[in-house]
Amino acid sequence: MELGPHSRPAEPGRCVSGSPSAGSAFPASRVSAAGAEPGSRPTAVAAVLPAGGCGERMGVRTPKQFCRVLERPLISYTLQALERVCWIKDIVVAVTGENMEAMRNIIQRYGHKRISLAEAGATRHRSIFSGLKALAEDQPDCKLTKPEVVIIHDAVRPFVEEDVLLRVVMAAKEHGAAGAIRPLVSTVISPAADGCLDHALDRAKHRASEMPQAFLFDVIYEAYQQCSDYDLEFGTECLQLALKYCHTKAKLVEGPPELWKVTYKQDLYAAESLIKEKISQEICVVVKTKDEESVGHLLKEVLKNELNCATITSTALDHSGGDIQNFLTDQCCSFIWVTVLSSDFQETRKFLTALEESSLPLLYPVVVVLVHCLDFTLVPPAQKMESLMWIRGLAKEVKKRNVLLSGLLINYSQDLYYGS
Ligand SMILES: Nc1ccn([C@@H]2O[C@H](COP(=O)(O)OP(=O)(O)OP(=O)(O)O)[C@@H](O)[C@H]2O)c(=O)n1
Ligand SMILES: O=P(O)(O)OC[C@@H](O)[C@@H](O)[C@@H](O)CO
């Protein structure tokens with residue numbers, strides 16, 4: 001899967017030489033929960049995202065961090081997840097030189113902030129080390145301020161929430177290092193030289209090490225500076241480096257199942273269905289005017305009963321796009337636009353234009369179901385067909401801008417409506 005046609009001449013994202021970020025520090029109120037004195041100095045937190053791999057196990061030409069999920073590069077979802085966390089002040093992404101421009105295009109296209117780029121290395125540990133150097137103040141022309149705690153998170157683990165980030169950071173503040181773990185799904189075995197089973201590990205006594213991990217910056221930076229070439233070349237575990245080189249025993253933090261790493265092609269399909277599920281969690285029923293509100297409310301109640309996993313809201317837009325912008329959030333991506341006994345599609349077009357102008361279609365495909373209620377006894381057949389063709393043409397037009405429009409024509413008798 002190639003990077004999309006949106007790639008434009010690079011507007012350079014914040015490379016290492018960029019100015020310090022405006023992001024806030026880790027709020028003191030949260031730190032006090034980790035045993036620090038309440039109201040003490042907030043903890044500065046930054047993140048390093050290794051994104052310099054080639055995705056060999058994915059088996060496609062494009063490195064998996066740039067593979068598209070619902071038309072958007074996988075890494076952009078991870079960046080958005082971290083950007084949702086206001087107390088992460090800098091995010092350093094380690095990418096190869098050949099992918100720097102692609103990364104800058106992604107930063108610009110999806111409006112990512114607080115991002116700095118560093119040159120990846122030949123291994124994941126070398127890429128992480130490069131990202132840490134971008135945050136260390138002992139490096140020449142380094143413009144980023146050194147954080148107290150640094151999160152390390154694989155760029156191909158897009159489903160990371162603030163809760164687990166907060167828990168690993170607070171644990172790292174207390175213990176020097178912390179990492180998310182998950183129960184093992186398969187039993188770990190140790191093969192003998194002859195290729196037969198030597199022994200099996202007790203699965204209940206072992207865990208899978210996942211990401212995010214967090215460290216006191218000085219601990220992990222010192223570990224990487226002391227790290228042997230062998231460990232830099234063949235190691236896969238940052239927690240082990242903190243233990244081996246800084247005698248720091250990481251606190252292990254139970255993480256949710258969504259922390260898995262996109263490694264094989266099936267992981268990409270799983271990521272797509274998880275993102276689709278998240279998008280469909282929030283549905284907003286939109287009617288044009290107050291007097292159509294009863295229809296919208298009725299539809300909302302029906303949907304609430306039928307779709308108990310989704311959050312259904314409704315709103316009436318008495319005015320032009322201004323109201324639409326107010327309720328657009330990056331949480332809601334599915335809308336049911338209801339028009340009753342009206343052949344005027346101008347309001348529909350205004351609504352879709354406002355959607356396109358919002359940042360929503362950038363981050364997710366926006367789904368709009370146009371429910372067009374007509375009194376079929378009053379409307380000639382030609383008008384019904386005309387309405388359907390109009391909706392079809394509009395759907396084709398807005399699809400280019402990541403808005404997926406479907407139309408539903410419903411026979412809705414006038415006396416039922418005005419009698420309602
Ligand atoms: N030299 C490398 C190798 C890996 N990574 C990053 O480390 C993360 C986890 O590594 P992995 O899943 O192994 O990614 P790849 O090395 O790309 O995968 P593969 O082993 O299948 O080639 C990924 O975000 C990957 O981009 C990196 O920054 N630099
Ligand atoms: O070896 P990979 O590069 O696939 O994975 C790197 C890390 O994500 C993996 O080692 C976790 O166990 C966390 O350390």
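Just follow the structure's listing: the first ligand is 1, and inside any ligand the first atom is 1. All of these numbers come straight from a predicted model, not from anything done at the bench. We use all heavy atoms of the structure for the numbers below, so side chains are in, but hydrogens, waters and symmetry mates are not.
- For atom 18 (O) of ligand 1, the choice among Arg157, Lys64, Met211 with the nearest heavy atom turns out to be Lys64.
- The shortest distance between side-chain heavy atoms of Asp218 and Lys146 falls below 4.5 Å.
- Taking the six-membered ring where tryptophan is involved, the planes of Tyr230 and Phe234 are tilted, since the angle between them lies from 30° to 60°.
- In this structure, of Pro50, Gly131, Gly121, the residue bringing a heavy atom nearest to atom 1 (N) of ligand 1 is Gly121.
- Across Ala118, Gly53, Ala51, heavy-atom proximity to atom 16 (O) of ligand 1 is greatest for Gly53.
- With hydrogens left out, the protein atom closest to atom 5 (O) of ligand 2 is Lys261 CE, 3.3 Å, a heavy atom.
- Between Arg126 and Glu233 there is a salt bridge, since a side-chain N of the basic residue sits under 4.0 Å from a carboxylate O of the acidic one.
- For the pair Met58 and ligand 1, the shortest N or O to N or O distance does not fall below 3.5 Å.
- The single protein non-hydrogen atom nearest to atom 9 (C) of ligand 2 is Thr236 O, 3.8 Å, given as residue, atom name and distance.
- The closest protein non-hydrogen atom to atom 8 (C) of ligand 1 is Asp154 OD1, 3.6 Å.
- If you look at Glu56 next to ligand 1, the close heavy atoms, those under 4.0 Å, come from the backbone and the side chain alike.
- Neither the backbone nor the side chain of Arg126 has any atom closer than 4.0 Å to an atom of ligand 1 (non-hydrogen atoms only).
- In this structure, atom 3 (O) of ligand 2 lies nearest to the protein heavy atom Arg124 CD, 3.7 Å.
- Within the structure, the closest approach of Cys54 to ligand 1 falls below 4.0 Å when heavy atoms are considered.
- For the pair Trp337/Leu352, no side-chain contact is recorded, criterion being any heavy-atom separation below 4.5 Å from C-beta on.
- Under 4.0 Å from ligand 1, the heavy atoms of Thr123 that appear belong solely to its backbone.
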